[in-house]
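Remember, predicted model here, so these are calculated numbers, not experimental data.
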Amino acid sequence: MVSSTQQFDRIRKRKATTAGKRNKRDKRRLGTPVFPIHQDGYDLKAADAKKSDV
């Protein structure tokens, strides 16, 4: 039979690991939002405008 200290140490470690995974998952989901590259009213003649193939 396992000692209660050893058992609780394992339980604490497992819970900490799980909580870390959950936190990482939550933070990834709340990361940078999706946004348009060129918004309405963007000047196509601007210096950083994407060049056309034509």
In a table with atom names and distances, give each donor-acceptor pair under 3.5 Å that connects a side chain of residues 24-31 to protein atoms at least two apart or in another chain.
none

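- Scored by the side-chain hydrogen bond (donor to acceptor under 3.5 Å, both in side chains) test, Arg22 finds no partners at all (sequence neighbours excluded).
- With sequence neighbours excluded, the residues forming a side chain to side chain contact (heavy atoms under 4.5 Å, CB included) with Arg14 are Ile11, Thr18, listed by chain and number.
- What you find for Gln7 and Val2 is that their closest heavy atoms are N-CG1, 3.9 Å.
- Taking OG from Ser4 and CG from Asp9, the interatomic distance works out to 9.5 Å, rounded to the nearest 0.5 Å.
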